[in-house]
Amino acid sequence: MRHGAQHPDENHGTPAGHGTHTNHDGHDGQPGHNRQAGHDGQAGQAGHPGGADSHSHHGGTADGGHPGHGKGSGEHAGEHGGGVSWSMAARATLHCLIGCAIGEVLGMAIGTALGWHNVPTMALAIFLAFIFGYSFTMVTVLRAGLAFKAAVKVALAADTLSITVMEITDNSVLALWPGALHAELSDGLFWYALAIAFAVAFVITTPVNKWLIGRGKGHAVMHRFH
(Lines give C-alpha, C1' and ligand atoms only; values in the text may rest on other atoms or scores of the structure.)
Protein backbone atom coordinates (compact mmCIF):
# COMPACT_ATOMS: atom_id res chain seq x y z
CA MET A 1 0.00 0.00 0.00
CA ARG A 2 2.91 2.31 0.62
CA HIS A 3 4.06 2.04 -2.92
CA GLY A 4 0.60 2.95 -4.25
CA ALA A 5 0.39 6.02 -2.08
CA GLN A 6 3.41 7.58 -3.71
CA HIS A 7 1.66 8.21 -7.00
CA PRO A 8 -0.53 11.15 -6.00
CA ASP A 9 2.53 12.90 -4.52
CA GLU A 10 4.36 12.50 -7.80
CA ASN A 11 1.55 14.30 -9.64
CA HIS A 12 0.78 11.34 -11.83
CA GLY A 13 -2.91 11.81 -11.14
CA THR A 14 -5.44 9.05 -11.37
CA PRO A 15 -6.72 9.04 -14.96
CA ALA A 16 -9.81 6.95 -15.39
CA GLY A 17 -8.39 5.03 -18.31
CA HIS A 18 -5.19 3.88 -16.54
CA GLY A 19 -6.76 2.44 -13.40
CA THR A 20 -6.23 3.64 -9.84
CA HIS A 21 -3.23 1.42 -8.92
CA THR A 22 -4.83 0.78 -5.53
CA ASN A 23 -3.90 -2.88 -5.86
CA HIS A 24 -0.38 -2.15 -7.04
CA ASP A 25 1.03 -3.94 -4.03
CA GLY A 26 -0.18 -7.09 -5.67
CA HIS A 27 1.99 -6.35 -8.67
CA ASP A 28 3.47 -9.80 -8.65
CA GLY A 29 0.14 -11.53 -8.23
CA GLN A 30 -2.69 -12.20 -10.58
CA PRO A 31 -5.12 -9.70 -9.04
CA GLY A 32 -2.72 -6.84 -9.56
CA HIS A 33 -2.34 -7.61 -13.21
CA ASN A 34 -6.08 -8.00 -13.65
CA ARG A 35 -6.62 -4.58 -12.14
CA GLN A 36 -4.14 -3.02 -14.51
CA ALA A 37 -5.79 -4.75 -17.45
CA GLY A 38 -8.27 -1.89 -17.37
CA HIS A 39 -5.59 0.08 -19.22
CA ASP A 40 -6.41 -1.87 -22.37
CA GLY A 41 -10.13 -2.26 -21.74
CA GLN A 42 -13.15 0.01 -21.76
CA ALA A 43 -11.77 2.30 -19.11
CA GLY A 44 -8.62 2.71 -21.14
CA GLN A 45 -10.62 3.96 -24.02
CA ALA A 46 -12.40 6.38 -21.74
CA GLY A 47 -9.03 7.71 -20.71
CA HIS A 48 -8.25 8.42 -24.36
CA PRO A 49 -11.40 10.19 -25.65
CA GLY A 50 -9.75 11.04 -28.89
CA GLY A 51 -9.03 7.41 -29.73
CA ALA A 52 -12.20 6.12 -31.30
CA ASP A 53 -13.29 9.54 -32.52
CA SER A 54 -9.96 10.22 -34.14
CA HIS A 55 -10.43 7.14 -36.30
CA SER A 56 -13.90 8.22 -37.36
CA HIS A 57 -12.66 11.72 -38.16
CA HIS A 58 -9.92 10.17 -40.23
CA GLY A 59 -12.57 8.87 -42.63
CA GLY A 60 -12.81 5.25 -41.59
CA THR A 61 -16.07 3.35 -41.36
CA ALA A 62 -17.25 0.34 -39.48
CA ASP A 63 -16.31 -1.93 -42.34
CA GLY A 64 -12.92 -0.32 -42.87
CA GLY A 65 -14.00 1.75 -45.85
CA HIS A 66 -13.31 5.38 -46.56
CA PRO A 67 -16.49 7.42 -47.09
CA GLY A 68 -14.40 10.37 -48.19
CA HIS A 69 -13.33 8.38 -51.23
CA GLY A 70 -16.94 7.57 -52.06
CA LYS A 71 -17.83 11.23 -51.93
CA GLY A 72 -15.03 12.01 -54.32
CA SER A 73 -16.42 9.57 -56.87
CA GLY A 74 -19.83 11.16 -56.39
CA GLU A 75 -18.38 14.57 -57.06
CA HIS A 76 -16.71 13.16 -60.16
CA ALA A 77 -20.08 11.86 -61.35
CA GLY A 78 -21.49 15.30 -60.61
CA GLU A 79 -19.00 16.80 -63.02
CA HIS A 80 -20.48 14.58 -65.72
CA GLY A 81 -24.09 15.09 -64.80
CA GLY A 82 -24.34 18.69 -63.66
CA GLY A 83 -21.03 20.30 -64.57
CA VAL A 84 -21.79 20.85 -68.27
CA SER A 85 -22.10 24.54 -69.06
CA TRP A 86 -24.52 25.99 -71.56
CA SER A 87 -21.62 27.52 -73.47
CA MET A 88 -20.10 24.05 -73.92
CA ALA A 89 -23.41 22.73 -75.23
CA ALA A 90 -23.82 25.76 -77.49
CA ARG A 91 -20.38 25.19 -79.04
CA ALA A 92 -21.24 21.57 -79.76
CA THR A 93 -24.54 22.65 -81.34
CA LEU A 94 -22.85 25.33 -83.43
CA HIS A 95 -20.39 22.71 -84.68
CA CYS A 96 -23.31 20.62 -85.96
CA LEU A 97 -25.18 23.63 -87.24
CA ILE A 98 -22.35 24.74 -89.52
CA GLY A 99 -22.09 21.31 -91.12
CA CYS A 100 -25.86 21.01 -91.47
CA ALA A 101 -26.18 24.48 -92.98
CA ILE A 102 -23.51 23.80 -95.60
CA GLY A 103 -25.07 20.46 -96.52
CA GLU A 104 -28.63 21.76 -96.70
CA VAL A 105 -27.82 24.82 -98.77
CA LEU A 106 -25.73 22.73 -101.15
CA GLY A 107 -28.48 20.10 -101.45
CA MET A 108 -31.15 22.70 -102.13
CA ALA A 109 -28.94 24.43 -104.66
CA ILE A 110 -28.33 21.14 -106.51
CA GLY A 111 -32.02 20.15 -106.38
CA THR A 112 -33.13 23.57 -107.62
CA ALA A 113 -30.56 23.61 -110.40
CA LEU A 114 -31.68 20.17 -111.55
CA GLY A 115 -35.36 21.10 -111.41
CA TRP A 116 -36.22 18.52 -108.75
CA HIS A 117 -39.41 18.60 -106.75
CA ASN A 118 -39.47 19.46 -103.05
CA VAL A 119 -39.25 15.91 -101.66
CA PRO A 120 -36.08 14.75 -103.48
CA THR A 121 -34.50 18.17 -102.99
CA MET A 122 -35.15 18.05 -99.24
CA ALA A 123 -33.93 14.44 -99.06
CA LEU A 124 -30.66 15.42 -100.74
CA ALA A 125 -30.30 18.43 -98.44
CA ILE A 126 -30.77 16.26 -95.33
CA PHE A 127 -28.35 13.63 -96.63
CA LEU A 128 -25.65 16.22 -97.30
CA ALA A 129 -26.33 17.83 -93.90
CA PHE A 130 -25.40 14.55 -92.21
CA ILE A 131 -22.37 14.08 -94.46
CA PHE A 132 -20.97 17.54 -93.75
CA GLY A 133 -21.89 17.34 -90.07
CA TYR A 134 -19.97 14.08 -89.68
CA SER A 135 -17.11 15.37 -91.81
CA PHE A 136 -16.44 18.30 -89.49
CA THR A 137 -16.02 15.90 -86.58
CA MET A 138 -13.93 13.45 -88.56
CA VAL A 139 -11.49 16.14 -89.61
CA THR A 140 -10.91 17.00 -85.95
CA VAL A 141 -10.29 13.43 -84.79
CA LEU A 142 -8.23 12.51 -87.85
CA ARG A 143 -5.91 15.42 -87.11
CA ALA A 144 -5.56 14.01 -83.60
CA GLY A 145 -4.10 10.83 -85.13
CA LEU A 146 -7.12 8.53 -85.03
CA ALA A 147 -7.52 5.91 -87.77
CA PHE A 148 -10.25 6.49 -90.37
CA LYS A 149 -12.50 3.65 -89.19
CA ALA A 150 -12.23 4.78 -85.58
CA ALA A 151 -12.89 8.38 -86.65
CA VAL A 152 -16.13 7.30 -88.33
CA LYS A 153 -17.27 5.64 -85.09
CA VAL A 154 -16.47 8.76 -83.09
CA ALA A 155 -18.35 10.97 -85.55
CA LEU A 156 -21.41 8.71 -85.47
CA ALA A 157 -21.42 8.67 -81.68
CA ALA A 158 -20.81 12.41 -81.37
CA ASP A 159 -23.21 13.84 -83.95
CA THR A 160 -26.01 11.45 -84.91
CA LEU A 161 -28.63 12.48 -82.36
CA SER A 162 -27.67 16.15 -82.52
CA ILE A 163 -27.92 16.32 -86.31
CA THR A 164 -31.15 14.32 -86.30
CA VAL A 165 -32.85 16.73 -83.88
CA MET A 166 -31.53 19.69 -85.83
CA GLU A 167 -32.73 18.38 -89.19
CA ILE A 168 -36.17 17.46 -87.91
CA THR A 169 -36.56 20.91 -86.38
CA ASP A 170 -35.35 23.14 -89.20
CA ASN A 171 -37.08 21.15 -91.93
CA SER A 172 -40.32 21.22 -89.96
CA VAL A 173 -40.08 25.01 -89.78
CA LEU A 174 -39.45 25.21 -93.53
CA ALA A 175 -42.33 22.83 -94.26
CA LEU A 176 -44.74 24.89 -92.15
CA TRP A 177 -43.53 28.24 -93.51
CA PRO A 178 -45.87 29.29 -96.34
CA GLY A 179 -44.04 29.27 -99.68
CA ALA A 180 -40.60 28.52 -98.17
CA LEU A 181 -40.18 25.17 -99.93
CA HIS A 182 -41.14 26.67 -103.27
CA ALA A 183 -38.80 29.65 -103.00
CA GLU A 184 -35.80 29.86 -105.31
CA LEU A 185 -32.25 30.50 -104.16
CA SER A 186 -32.56 34.01 -105.55
CA ASP A 187 -35.63 34.74 -103.41
CA GLY A 188 -35.17 36.54 -100.13
CA LEU A 189 -37.85 34.32 -98.58
CA PHE A 190 -35.62 31.26 -99.07
CA TRP A 191 -32.74 32.71 -97.06
CA TYR A 192 -34.94 34.42 -94.49
CA ALA A 193 -36.93 31.29 -93.75
CA LEU A 194 -33.78 29.14 -93.69
CA ALA A 195 -32.09 31.48 -91.19
CA ILE A 196 -35.12 31.38 -88.89
CA ALA A 197 -35.32 27.60 -89.21
CA PHE A 198 -31.67 27.17 -88.21
CA ALA A 199 -32.10 29.57 -85.28
CA VAL A 200 -35.03 27.52 -83.98
CA ALA A 201 -33.06 24.31 -84.52
CA PHE A 202 -30.14 25.75 -82.56
CA VAL A 203 -32.37 26.62 -79.59
CA ILE A 204 -34.00 23.17 -79.59
CA THR A 205 -30.80 21.17 -80.08
CA THR A 206 -28.61 22.93 -77.48
CA PRO A 207 -30.42 21.39 -74.45
CA VAL A 208 -30.19 17.99 -76.14
CA ASN A 209 -26.42 18.36 -76.48
CA LYS A 210 -26.14 19.51 -72.88
CA TRP A 211 -28.01 16.40 -71.76
CA LEU A 212 -25.83 14.14 -73.92
CA ILE A 213 -22.53 15.67 -72.81
CA GLY A 214 -23.60 15.49 -69.18
CA ARG A 215 -23.91 11.73 -69.55
CA GLY A 216 -20.61 11.27 -71.35
CA LYS A 217 -22.24 10.93 -74.76
CA GLY A 218 -22.55 13.08 -77.85
CA HIS A 219 -19.70 15.57 -78.15
CA ALA A 220 -18.29 14.36 -74.83
CA VAL A 221 -16.56 11.55 -76.77
CA MET A 222 -14.56 14.20 -78.64
CA HIS A 223 -13.14 16.04 -75.63
CA ARG A 224 -9.97 13.98 -75.51
CA PHE A 225 -9.22 14.85 -79.15
CA HIS A 226 -9.26 18.63 -78.63
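Sequential numbering from 1 along the given sequence is applied to the chain's residues. All of these numbers come straight from a predicted model, not from anything done at the bench.
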Would you check if [X] and [Y] make a side-chain contact, meaning some heavy-atom pair closer than 4.5 Å?
{"X": "E104", "Y": "L128", "value": "no"}
{"X": "T164", "Y": "F130", "value": "yes"}
{"X": "S135", "Y": "I131", "value": "yes"}
{"X": "L106", "Y": "F132", "value": "yes"}
{"X": "D170", "Y": "V200", "value": "no"}

Minimum heavy-atom separation for [X] to [Y], with atom names?
{"X": "A151", "Y": "L142", "result": "CB-CD2, 3.7 Å"}
{"X": "A158", "Y": "T137", "result": "CB-CG2, 4.4 Å"}
{"X": "A92", "Y": "N209", "result": "C-ND2, 4.0 Å"}
{"X": "W177", "Y": "A193", "result": "CD2-CB, 3.9 Å"}
{"X": "D159", "Y": "C96", "result": "OD1-SG, 3.5 Å"}
{"X": "C100", "Y": "I163", "result": "SG-CG2, 3.7 Å"}

Would you say [X] and [Y] are hydrophobically clustered, going by side-chain heavy atoms of ILVMFWY under 4.5 Å?
{"X": "I102", "Y": "I110", "answer": "yes"}
{"X": "L97", "Y": "W191", "answer": "yes"}
{"X": "Y134", "Y": "I98", "answer": "yes"}
{"X": "L181", "Y": "L185", "answer": "yes"}
{"X": "L156", "Y": "F148", "answer": "yes"}

Q) Measuring from H95:NE2 to R91:CZ, what's the distance to the nearest 0.5 Å? A)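 Atom-to-atom, H95:NE2 and R91:CZ are 12.0 Å apart.
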Q | Rounded distance [0.5 Å steps], CD in E167 versus OG1 in T169 | A | 9.0 Å
Q) Within the distance-only criterion (no hydrogens, no angle test), does the side chain of D187 pair as donor or acceptor with the backbone N or O of E184 below 3.5 angstrom? A) yes
(Q) Checking the side chain of T140 only, and the main-chain atoms of F136 only, is there a donor and an acceptor separated by less than 3.5 Å? (A)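 Side chain of T140 to backbone of F136: a pair is present.
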Q) Per the side-chain contact (heavy atoms from CB on, under 4.5 Å) rule, which among M88, K210, M166 passes with T93? A)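 Of M88, K210, M166, side-chain contact (heavy atoms from CB on, under 4.5 Å) with T93 is met by M166 alone.
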Q) What residues, two or more places apart in sequence or in another chain, satisfy side chain to side chain contact (heavy atoms under 4.5 Å, CB included) together with T121? A)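 Side chain to side chain contact (heavy atoms under 4.5 Å, CB included) check on T121 returns M108, W116.
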(Q) According to side-chain hydrogen bond (donor to acceptor under 3.5 Å, both in side chains), who are the partners of S186, at least two apart in sequence or on a separate chain? (A) none
Q: Output all residues satisfying ring-ring contact (aromatic ring centres under 6.0 Å, His included) with F127, sequence neighbours left out; order by chain, then residue number.
A: none
